[in-house]
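In what follows, chains are A, B, ... by sequence order, proteins preceding strands, each numbered from 1. Excluded from the calculations below are hydrogen atoms, water molecules and symmetry mates; all remaining heavy atoms, backbone and side chain alike, are included.
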Amino acid sequence: MAEPITVSLPDGSAREVPAGTTAGELAAQIGRRLAQAAVAATVDGQRVDLSVPLPSGATVAVVTDGSEAGREVLRHSTAHVMAQAVLDLFPGAKFAIGPPIEDGFYYDFELPGGATFGDEDLERIEARMREIVAEDQPFVREEHDRDQGLELFADQPYKREIIEGVDPSEGAGGGQVSAYRNTERFVDLCRGPHVPSTGRLGHFKLQKVAGAYWRGDERRPMLQRIYGTAWESKAALDAHLERLREAERRNHRRLGTELDLFSMPEELGAGLVVWHPKGAMVRKLMEDFSRTEHERAGYQYAFSPHLARSGLWETSGHLDFYAESMYPPMEMEGARYYAKPMSCPFHVLIYRSNQRSYRELPLRLFEIATVYRNERSGVLNGLLRARGFNQDDSHIFCTPDQAVEEITALVEFVLRMLRAFGFEEFEATLSTRPEEKAVGSDDDWEAATEALRVALERTALSFDVDEGGGAFYGPKIDVHLRDAIGRRWQLSTIQVDFQLPQRFGLEYVGADNARHRPIMVHRALFGSVERFFAILLEHYAGAFPTWLAPVQVRVLSVRDDHAAYATDVATRLGSEGFRVDGAGADEPLGARIRRAKLEKLPWVLVVGDDDVAAGTVGVNGRQGEVERGVSVDAFVARLAAEVTGTRI
RNA sequence: GCCGGGUUAGCUCAGCUGGUAGAGCGCUUCUCUUGUAAAGAAGAGGUCGUCGGUUCGAAUCCGACACUCGGCUCCA
């Protein structure tokens with residue numbers, strides 16, 4: 001009998017076990033339920049299989065299936081099962097990589113003769129996967145040296161490339177390669193860990209087929225990627241599928257049609273939008289609010305045309321760096337005009353139209369401008385990624401020593417605005433100088449990056465740093481938010497620019513009577529009005545807060561003989577500045593109520609005999625609450641309080 | 001741009017292996033006059049995305065294109 005060894009557990013306790021005890025056996029000793037939930041273990045910080053014998057003195061934590069780490073293991077193992085199924089069903093298929101991802105996994109394949117998967121193949125593959133699960137094949141770890149590894153995957157060029165590239169994350173580091181074998185025929189290069197056997201899996205669903213470039217490189221072969229999702233239980237899988245259905249119910253394209261907000265007719269061309277009256281009302285309210293707040297925050301409006309001659313875009317550098325994303329030029333009277341993809345060059349011209357003194361700075365110019373970008377056809381995505389959209393662009397020109405204060409105020413302004421629209425959770429990314437090409441001196445970069453960092457720290461906004469993720473012209477902050485169902489969206493961006501002031505030779509006269517170069521900050525808050533509108537629409541699932549609702553109140557008369565009173569009430573509300581409409585008694589009241597609910601109106605008023613007699617209304621809120629006999633004055637006051645209360 | 005889906009009435013969709021189109025909602029008209037999530041009846045509405053091909057015959061099969069959805073790449 002071997003000497004006992006001692007291991008420590010996450011709760012700080014120590015436990016004595018016989019030498020050679022595996023992580024799985026340890027879990028079983030601790031408890032049945034833990035053993036059932038165990039999929040892997042963490043030993044001294046390393047994620048390992050349950051079958052690994054524990055070293056003496058190790059710190060051990062069991063990885064359970066419902067944890068994020070445990071789900072990663074389940075998903076990774078499920079990806080292997082899918083690979084085995086595909087290799088069984090498609091002889092000659094090559095397999096590349098198959099990692100777990102958020103909520104699921106994928107695996108990339110190359111089929112012989114350039115064949116592709118269709119949706120109907122997913123069912124066959126899934127059926128074969130269920131057989132593999134039923135067979136309860138073990139995952140057996142194997143260690144090979146590099147040459148053995150190359151031999152093992154002799155007819156799998158992608159695996160060989162991984163081994164030759166020595167990629168520790170794929171199980172090929174330090175001259176050793178690890179692989180997991182399920183059967184005599186199926187073995188996959190992998191770092192692990194995996195569940196003990198395929199019988200441990202089963203709550204999965206294959207979702208879609210997509211093309212994906214090998215190693216994410218456009219110049220390399222396009223592989224066939226299959227996405228799937230996998231969970232620890234049927235309940236968790238069902239909950240996930242329900243979340244997907246909820247996201248689909250909130251899809252802004254669906255709601256845009258149902259609520260008659262906007263459309264993108266084919267006749268317009270890809271990525272172009274027409275706003276219907278109700279959507280246009282929401283957009284107008286968003287923009288009005290934004291303009292008012294900008295004015296309060298010391299911005300000045302600017303307007304600029306949709307077109308400019310090529311020379312402007314040469315000076316700005318857009319034709320050098322951005323031409324692919326611009327619409328092709330139009331020729332007129334021997335000049336070439338381009339539709340604008342951004343407003344910055346125009347605002348620079350406004351700055352440059354006068355000699356500027358330091359006393360004028362910061363100069364903040366604001367414009368909601370329609371811009372056009374030739375987005376590649378495959379990236380278009382409803383209002384979220386359109387070719388013609390409206391950017392709430394502003395450009396701030398300031399002296400270098402104003403930068404910290406200005407950017408701090410800017411971050412605060414951005415958060416205040418986003419909160420006013422009902423968002424509560426924010427995160428930011430600070431992107432620093434790229435490795436390769438970058439304009440501006442090291443000192444400039446250092447100072448600007450520091451200004452951004454200080455601003456983030458002062459506003460207590462949590463942020464991570466994307467080293468080298470900045471644009472070549474300056475560092476930036478991106479603000480992300482989470483919506484009502486937890487999705488993360490990138491929205492606002494604050495970018496320092498050393499490039500344009502230099503290209504356009506911008507100057508100001510300082511207190512020292514010498515000429516200096518201003519710093520320029522680009523800032524988009526909504527980013528794109530269209531995109532922000534879409535995010536809002538999905539966030540609220542179409543039920544806009546009262547201050548943004550295109551129709552705030554609908555007045556319904558019980559019978560036609562209450563119509564005159566209903567009109568009086570509607571007129572009164574209209575004169576108080578509310579958006580109100582009505583519906584006569586052509587249909588039963590229940591049907592009209594239902595219609596109003598489906599239109600997601602915030603308030604529905606019902607007026608009948610009692611109300612005509614007493615000068616009251618019946619008030620219906622959006623949640624289904626009903627209150628009879630409310631005086632019109634009281635309702636007006638309530639509505640007014642609600643509308644002002646939900647804004648800044 | 002690349003890979004895979006898709007496009008049938010205003011909307012959501014059905015239409016088996018080829019034989020010139022259906023439903024529900026919506027819309028119009030009439031009847032009903034209603035107190036809180038669908039009253040009844042009648043009617044109108046479609047060159048089946050576009051163009052070309054195969055076929056005696058195409059919504060259906062093939063090709064190109066447009067648009068669209070999901071990915072990849074891109075997003076100075």
Visitor: Can you check whether A:Arg253 has a side-chain N or O nearer than 4.0 Å to OP1 or OP2 of B:rU12?
Guide: no

Visitor: Select base, sugar-phosphate, or nothing to describe what A:Gly590 touches, counting heavy atoms under 4.0 Å on all strands.
Guide: sugar-phosphate

Visitor: Take atom C1' in B:rG19 and the same atom in B:rU31, then report the distance between them in whole Å.
Guide: 42 Å

Visitor: Given the rule in the ring-ring contact (aromatic ring centres under 6.0 Å, His included) test, do A:Phe321 and A:Trp313 qualify, once you have shown the distances and angles that lead to the verdict?
Guide: CA-CA 10 Å; A:Phe321 297 105; A:Trp313 306 110; over 10 Å; no

Visitor: Got a donor-acceptor pair under 3.5 Å from the side chain of A:Arg220 to the base of B:rC2?
Guide: no

Visitor: Provide the distance between the two C1' atoms, one in B:rU8 and one in B:rU50, to the nearest whole Å.
Guide: 15 Å

Visitor: Which nucleotide, B:rA76, B:rG71, B:rG35, lies nearest any side-chain atom of A:Met222?
Guide: B:rG71

Visitor: Considering Watson-Crick and G-U wobble pairs with both distances under 3.5 Å, what does B:rA23 pair with?
Guide: B:rU12

Visitor: Among B:rG71, B:rA76, B:rU36, which nucleotide sits nearest the side chain of A:Lys208?
Guide: B:rG71

Visitor: For the rings on A:Phe105 and A:Tyr107, is their centre-to-centre separation under 6.0 Å?
Guide: no

Visitor: Given the ring of A:Tyr213, does A:Arg220 sit roughly above its face, with NZ or CZ under 6.0 Å from the centre of the six-membered ring and within 45° of the axis?
Guide: no

Visitor: How far does the P atom of B:rC3 sit from the matching atom of B:rC11, given to the nearest Å?
Guide: 30 Å

Visitor: Would you mind pulling out the nucleotide paired to B:rA64, Watson-Crick or G-U wobble, both distances under 3.5 Å?
Guide: B:rU50

Visitor: Check every atom of B:rU36, B:rA76, B:rU73 against the side chain of A:Val626 and return the nucleotide holding the closest atom.
Guide: B:rU36

Visitor: Evaluate the side-chain proximity of A:Cys344 to A:His522: yes if any heavy-atom separation is below 4.5 Å, no if none is.
Guide: yes

Visitor: What are the two closest non-hydrogen atoms of A:Leu223 and A:Tyr158, and how far apart are they?
Guide: CD2-OH, 3.4 Å

Visitor: Going by modelled atom types, is there a donor-acceptor pair between the base of B:rG35 and the side chain of A:Asp611 at under 3.5 Å?
Guide: yes

Visitor: Of the listed nucleotides (B:rC3, B:rA38, B:rU33), which one gets closest to any side-chain atom of A:Ala591?
Guide: B:rA38

Visitor: Return the nearest nucleotide to the side chain of A:Tyr213; candidates are B:rU36, B:rG26, B:rU73.
Guide: B:rU73

Visitor: What nucleic acid atoms does A:Gly382 come within less than 4.0 Å of, heavy atoms only: base, sugar-phosphate, or nothing?
Guide: sugar-phosphate

Visitor: Given the ring of A:Tyr227, does A:Lys208 sit roughly above its face, with NZ or CZ under 6.0 Å from the centre of the six-membered ring and within 45° of the axis?
Guide: yes

Visitor: Under a 3.5 Å limit for both distances, which nucleotide forms a Watson-Crick or G-U wobble pair with B:rU55, could you say?
Guide: none

Visitor: Counting side-chain heavy atoms from CB outward, which of B:rG70, B:rC72, B:rC27 is closest to A:Val379?
Guide: B:rC72

Visitor: Write down the distance separating the P atoms in B:rC69 and B:rG15, rounded off to the nearest Å.
Guide: 23 Å

Visitor: Can you tell me the Watson-Crick or wobble partner of B:rG70, both distances under 3.5 angstrom?
Guide: B:rC3

Visitor: Which nucleotide wins on minimum distance to the side chain of A:Asn620, given the candidates B:rU36, B:rU33, B:rG1?
Guide: B:rU36

Visitor: Need one value for A:Met342: base, sugar-phosphate or nothing, where a base atom within 4.0 Å counts as base even if backbone is also close, heavy atoms only.
Guide: base

Visitor: Distance between the P atoms of B:rU73 and B:rA58, in whole angstroms?
Guide: 44 Å

Visitor: May I ask which nucleotide in the shown strands pairs with B:rA39, Watson-Crick or G-U wobble, both distances under 3.5 Å?
Guide: B:rU31

Visitor: Looking at B:rA37, B:rC75, B:rG35, which one has an atom nearest to any side-chain atom of A:Leu598?
Guide: B:rA37

Visitor: Evaluate whether atom CZ of A:Arg488 has more than 12 neighbouring non-hydrogen atoms of other residues, nucleotides or ligands under 6.0 angstrom away.
Guide: yes

Visitor: Across the strands shown, which category fits A:Asp561 at heavy-atom distances under 4.0 angstrom: base, sugar-phosphate, nothing?
Guide: nothing

Visitor: Measuring from the side chain of A:Asp586 (C-beta onward, heavy atoms only), which nucleotide among B:rU36, B:rU68, B:rC32 has the closest atom?
Guide: B:rC32

Visitor: Does the side chain of A:Arg376 get closer than 4.0 angstrom to OP1 or OP2 of B:rU73 through an N or O atom?
Guide: no

Visitor: Name the nucleic acid region contacted by A:Asp217, choosing base, sugar-phosphate or nothing; use a 4.0 angstrom heavy-atom cut-off, strictly under.
Guide: nothing

Visitor: Among B:rU33, B:rC27, B:rG35, find the nucleotide with the atom closest to the side chain of A:Arg595.
Guide: B:rC27

Visitor: So, does A:Thr116 get its side chain near the phosphate of B:rG4, meaning an N or O under 4.0 Å from OP1 or OP2?
Guide: yes

Visitor: Does a side-chain N or O of A:Thr257 approach OP1 or OP2 of B:rC11 to a distance below 4.0 Å, or not?
Guide: no

Visitor: Distance between the C1' atoms of B:rA21 and B:rC48, in whole angstroms?
Guide: 8 Å

